[in-house]
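Structure, as structure tokens:
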2 protein chains.
Amino acid sequence: MARTAGSHSDITGPRVRDAALRLFARGGYAAVSMRAIAAEVGVQAGALYNYTPDKQTLLFDLMEGHMTELLAAARDDPALDARERLHRFVAFHIRFHHARPDAVFIAYMELRNLTPENFARIEALRGAYEDGLEQILRDGVAAEAFRVEDTKIATLAIIAMLTGVNTWFRTGGRLSLEEVTAQYWEMVRRAVM
Amino acid sequence: MARTAGSHSDITGPRVRDAALRLFARGGYAAVSMRAIAAEVGVQAGALYNYTPDKQTLLFDLMEGHMTELLAAARDDPALDARERLHRFVAFHIRFHHARPDAVFIAYMELRNLTPENFARIEALRGAYEDGLEQILRDGVAAEAFRVEDTKIATLAIIAMLTGVNTWFRTGGRLSLEEVTAQYWEMVRRAVM
DNA sequence: GTCTATATAGTGATAGAC
DNA sequence: GTCTATCACTATATAGAC
């Protein structure tokens, strides 16, 4: 397949996003230059502006894409009993976050580098995700399956605990992700039941 | 007290650190210029270099100061029973971190902006703090007061959960810090007992 | 679509006057 | 100890050639 020199936009766009994701996660949004992203992709800095209007939008698109994907993947089935729904949430959260450490890192660390408008949009998505877990806890309390004094606090505590796995877990370590998940589930289960 | 114009080093040093702490927490190390710090203090940029050899050292000193203070304040009494030691740890961690949100934020967010040598020193301090909690859990397991499958995992889970309070708690909200602490203690207690 | 070149502004750090 | 002035770079973003 001959390719016109200087023309391969169909793949450059995703490569820009991939490079930005990796570099932002490693060095931080403010410390990573557009030139560095361009060098990672293998183009000159000016070429990036065919794919994003500016650096801020590039960051926002990465974060919004991650949060949207998270919300779409977090399927809950209210027909199941609350314990099973919570169990699935715990396993899903750990697995999903472990699979995309760079995006998770950026979604938590770069919030302050968003414009106020962009920040509000990301926070709304995060709030919607938290609402999903809180609904499980509320239903469990209503069914007298859980004992939780304040479902909002329990929601935030559980999510913080689970997301923390990403900061230390490495494949090939002492425990598998499945073993880690089982232990977190046991702690969560005891904390609310 | 007359003061020689252009000479008040006894207070400028702490003010440089305070300004850097506040600005780094708000905007991020990479995004905050030495000129911005100087403006906050009320001096010119060049004057900052009377108090720090460079920007990196300024960041490191803030983080090391915070971690050293944390370790010094986290007093444990092995003579007490494990449940009481854990209760005190939970209350201490939440209270200490709530009192210095900027330093806590920097200590978690700016690790990647440290040189490798400085990073290692901060991580060693963090590890020492975690060891304190893990020792409580181990002693509790040995005394059959706690049921914990893996004390290292439980340590990381508990610290992540407790530190998360800083991301959402605001004085004057629906609950007081004491009420929040009581609820977190209840969740931690159930998770390990 | 990508290049080179550039406009405009900001960066960390230093030198020397006072 | 702080100031002004400056060095040597780097930044984001754009213009116009190809």
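Bear in mind the structure is a predicted one, so any value in this text is a computation, not a measurement. Order of the sequence lines sets the chain letters (A, B, ...), proteins ahead of strands, with each chain counted from 1. Reckoned from all heavy atoms, side chains included, excluding hydrogens, waters and symmetry mates.
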Could you state the [atom1]-[atom2] distance from [X] to [N], rounded to the nearest angstrom?
X	N	atom1	atom2	answer
I11(B)	dG1(D)	CD1	P	13 Å
L48(B)	dT4(D)	CG	C1'	15 Å
N50(A)	dG1(C)	CG	P	6 Å

Q: Using the side-chain hydrogen bond (donor to acceptor under 3.5 Å, both in side chains) rule, collect all pairs that involve residues 19-29 of chain B, keeping only residues at least two apart or in two chains.
A: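 Of all non-adjacent pairs touching residues 19-29 of chain B, those that pass side-chain hydrogen bond (donor to acceptor under 3.5 Å, both in side chains) are R22(B)-E40(B).
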
Q.
When you measure from the centre of the six-membered ring of F89(A), is the NZ or CZ of R85(A) closer than 6.0 Å and no more than 45° off the axis?
A. no

Can [X] and [Y] be counted as an ion pair, charged N to O under 4.0 angstrom?
X	Y	answer
E117(B)	R121(B)	no
E84(A)	R88(A)	yes
R174(A)	D150(B)	yes

Q | Sequence-distant partners of N113(B), side-chain hydrogen bond (donor to acceptor under 3.5 Å, both in side chains), two or more places apart | A |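 For N113(B) the side-chain hydrogen bond (donor to acceptor under 3.5 Å, both in side chains) partners, ignoring immediate neighbours, are E110(B).
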
Q: Check whether any side-chain N or O of T12(B) sits under 4.0 Å from OP1 or OP2 of dG1(D), and answer yes or no.
A: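 The answer is no; no side-chain N or O of T12(B) sits under 4.0 Å from OP1 or OP2.
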
**Q.** OP1 or OP2 of dT2(D) under 4.0 Å from side-chain N/O of Q44(B)
**A.**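 No, Q44(B) has no side-chain N/O under 4.0 Å of OP1/OP2 on dT2(D).
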
Show the distances under 3.5 angstrom between N or O atoms of the protein and N or O atoms of nucleotides 11-18 of chain C.
unit_1  : atom_1 : unit_2 : atom_2 : d
dT11(C) : OP1    : S33(B) : OG     : 3.1
dG12(C) : OP1    : K55(B) : NZ     : 2.9
dG12(C) : OP2    : M34(B) : N      : 2.8
dG12(C) : N7     : R35(B) : NH1    : 3.0
dG12(C) : O6     : R35(B) : NH2    : 3.2
dA13(C) : OP2    : Y49(B) : OH     : 3.0
dA13(C) : OP2    : K55(B) : N      : 3.0
dA13(C) : N6     : R35(B) : NH2    : 3.4

